[in-house]
**Student:** 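Attaching a single structure in structure tokens format; questions to follow.
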Amino acid sequence: MGKPAILLMKDIYYPIVAALGVLVNLVAIVILSRRNCGLSNCISVYMVAMATADLLVMIINVMVYRIFSYHFPFSFLSYTPVCRVILYMTAINFDLSVWFTVFFTFDRFVAVCFQKFKTRYCTARTAGVVTAVICCLSFLKNILFLFAYEPEQIINNVQWGCRASVAFFSSPLGIALVWFHSTWLVWLPFTLIVSFNCSTIGRILVANRIRRKLRGNKSENLSDSEMENRRKSIILLFTVSGSFILLWLTVAVSFVSTRLTDTNYYQGDRTAPGYIAYETGTCLKFLSCIQNPCIYIATQRKFREELKNVLKSLWALILRFVVKCG
């Protein structure tokens, strides 16, 4: 009997996503670190942090765990202690990717809705402190995952592989951890992002109406640089946070539905609708770690210009290397 279609799809999908994800996030980190995209320092810090977290997801969650560990079951990566650390890191990486997005949204919310607080909060120093705090909290919050998995098998007194510990996940602590992890990773960020965005767009619409009235009818056809900057900021904000919610929604809903209906997801029917829905949502979730650089290219003219400069420099370097070797 051949592999189920969902597994065949994953065998093709994960290598493509990993290669593309590593490339685009590395390019984004390089470009954003140069600070030539016309973005404020605090936005640049959050964007670099988001790209770095997404890069870690691609390397550890996809390449190491989903590809190498799966296709090389008795390698160094499959030792149970190593496997536990990998699973621990996968949880941390997703935490960072999600919460950096939340605080990027919050930073724009403060910048628009709280002008007095903006001068103190919307700074590169504050953004650096926030990212550091998120990292520390993520490392602490997920530490129980180090104890949530047991060896799949023991060969010559060597522990191999990791599987969810039934005793742990069926205990009150394990059940609480699963629901808290889901709430912290999906539902709370969803709620905060939607709330911040609604408040932000409401304030901008009001400000724009007031500004049009102050400018008067005679200047209706004249360009307004401030309103244009607001428009670009809103496009960037909503495309980043909106696409994040859409790509995470499938895995969030399927997780809750399988838990509430007591579907035995971990027990192994690879053709069950619950399993297929969850794995499809997981694939979309990984796709969310590629979206941001693509959004920057589509919405930010200066980012596109910097990308061209980076590509030209890379091409010139390759030509010099070829000439030198020739």
Side-chain angles (χ1 to χ4, degrees), residues 1-31 50-80 82-98 100-101 145 149 152 160-164 185 240 243-244 246-252 254-255 265-266 268-272 274-298 307 310-311 314-315 318:
M1 185 176 179
K3 276 187 176 182
I6 187 68
L7 296 183
L8 290 173
M9 184 271 289
K10 286 162 59 178
D11 287 344
I12 300 171
Y13 177 80
Y14 284 140
I16 295 174
V17 167
L20 185 60
V22 169
L23 176 62
V24 298
N25 282 298
L26 274 175
V27 170
I29 291 171
V30 171
I31 292 175
M50 290 158 63
T52 303
D54 290 342
L55 178 62
L56 290 174
V57 170
M58 290 294 107
I59 293 174
I60 298 177
N61 298 44
V62 181
M63 293 178 66
V64 174
Y65 181 62
R66 297 277 173 168
I67 298 176
F68 296 147
S69 295
Y70 178 77
H71 290 286
F72 302 98
F74 289 100
S75 66
F76 168 76
L77 299 174
S78 296
Y79 288 128
T80 298
V82 177
C83 180
R84 283 174 176 153
V85 172
I86 292 173
L87 288 168
Y88 172 60
M89 290 303 302
T90 61
I92 290 173
N93 294 336
F94 271 132
D95 261 11
L96 298 181
S97 179
V98 168
F100 287 156
T101 303
F145 280 102
Y149 295 89
E152 284 189 328
W160 292 95
C162 291
R163 65 182 177 191
L185 194 62
V240 169
S243 56
F244 164 78
L246 289 175
L247 290 172
W248 274 79
L249 195 58
T250 301
V251 72
S254 61
F255 171 83
Y265 168 78
Y266 292 106
D269 184 1
R270 300 304 192 250
T271 61
Y275 176 85
I276 294 174
Y278 189 85
E279 288 300 317
T280 302
T282 299
C283 291
L284 292 174
K285 180 173 66 175
F286 287 127
L287 192 60
S288 72
C289 295
I290 302 177
Q291 65 173 353
N292 287 345
C294 300
I295 290 171
Y296 306 153
I297 293 171
L307 176 60
V310 169
L311 293 177
L314 181 61
W315 179 247
I318 293 173

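Residue numbers run from 1 in the order of the sequence given. A quick note: this is a predicted structure, and the numbers were derived from the prediction, not measured.
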**Student:** Of all heavy-atom pairs between Pro15 and Asp11, which one has the smallest distance, and what is that distance?
**Tutor:**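 Taking every non-hydrogen atom into account, CD-O, 3.1 Å.
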
**Student:** Which atom pairs, one a donor and one an acceptor, fall under 3.5 Å between side chains of residues 50-62 and the rest of the protein, sequence neighbours left out?
**Tutor:**
residue, atom, partner, partner atom, Å
Thr52, OG1, Val48, O, 2.7
Asp54, OD1, Ser97, OG, 2.6
Asn61, OD1, Asn93, ND2, 3.0
Asn61, ND2, Thr90, O, 3.1

**Student:** So, do Phe145 and Leu87 sit near enough that their side-chain heavy atoms are less than 4.5 Å apart?
**Tutor:**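 When only atoms from C-beta onward are counted, Leu87 and Phe145 do not touch, as no gap falls below 4.5 Å.
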
**Student:** Give me the atom names and distance for the closest heavy-atom approach of Ser243 to Ile295.
**Tutor:**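 Reported closest heavy-atom pair: OG-CD1, 3.5 Å.
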
**Student:** One pair to check against side-chain contact (heavy atoms from CB on, under 4.5 Å): Val64 and Met89. What are the steps and the verdict?
**Tutor:** CA-CA 11 Å; Val64 174; Met89 290 303 302; over 6 Å; no

**Student:** Nearest 0.5 Å, please: how far is CZ in Phe244 from CG in Leu249?
**Tutor:**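 Leu249 atom CG to Phe244 atom CZ measures 10.5 Å (nearest 0.5 Å).
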
**Student:** Got a second to check how far Cys294's SG is from Leu20's CG, nearest 0.5 Å?
**Tutor:**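 Those atoms lie 6.5 Å apart.
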
**Student:** Roughly how far, to the nearest 0.5 Å, is the OG1 atom of Thr250 from the CD atom of Glu279?
**Tutor:**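 Here the interatomic distance stands at 12.5 Å.
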
**Student:** Closest heavy-atom contact between Leu284 and Leu247?
**Tutor:**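 Minimum heavy-atom contact is CB-O, 3.5 Å.
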
**Student:** In Å, rounded to the nearest 0.5 Å, how long is the span from NE2 of His71 to OH of Tyr14?
**Tutor:**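 Taking NE2 in His71 and OH in Tyr14, the distance rounds to 10.0 Å.
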
**Student:** Between Pro293 and Ala28, what is the shortest heavy-atom contact and its length?
**Tutor:**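 It is CG-CB, 3.9 Å.
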
**Student:** Can you list everything that forms a side-chain contact (heavy atoms from CB on, under 4.5 Å) with Phe74? Sequence neighbours excluded, please.
**Tutor:**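 Checked Phe74 against side-chain contact (heavy atoms from CB on, under 4.5 Å); matches are Gln153, Ile155, Trp160.
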
**Student:** In Å and rounded to the nearest 0.5 Å, what is the CD1 to CZ distance from Ile86 to Phe68?
**Tutor:**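 Spacing of CD1 (Ile86) from CZ (Phe68) equals 11.0 Å.
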
**Student:** Say whether, by atom type as modelled, one donor and one acceptor occur between the side chain of Ser78 and the main chain of Pro73 under 3.5 angstrom.
**Tutor:**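 Yes; judged by distance alone, with no hydrogens or angles, the pair exists.
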
**Student:** Specify the closest pair of heavy atoms between Cys289 and Phe94, including all atoms of both residues, with the distance to one decimal.
**Tutor:**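 Heavy atoms only, the tightest pair is SG-CE2, 4.5 Å.
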
**Student:** Check whether any side-chain heavy atom of Ile92 sits under 4.5 Å from a side-chain heavy atom of Tyr88, and report yes or no.
**Tutor:**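 Side-chain contact under 4.5 Å: yes.
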
**Student:** Leu77 and Ser69: which non-hydrogen atoms are nearest, and at how many Å?
**Tutor:**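 For Leu77 and Ser69, the tightest heavy-atom pair comes out as CB-OG, 3.7 Å.
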
**Student:** Would you give the length of the straight line joining atom CD1 of Ile67 to atom CZ of Phe72, rounded to the nearest 0.5 angstrom?
**Tutor:**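 Output value for this atom pair is 10.0 Å.
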
**Student:** Heavy-atom count around Tyr65 OH within 6.0 Å, excluding the residue itself: above 12?
**Tutor:**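 Counting other residues, nucleotides and ligands, OH of Tyr65 stays at 12 neighbours or fewer.
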
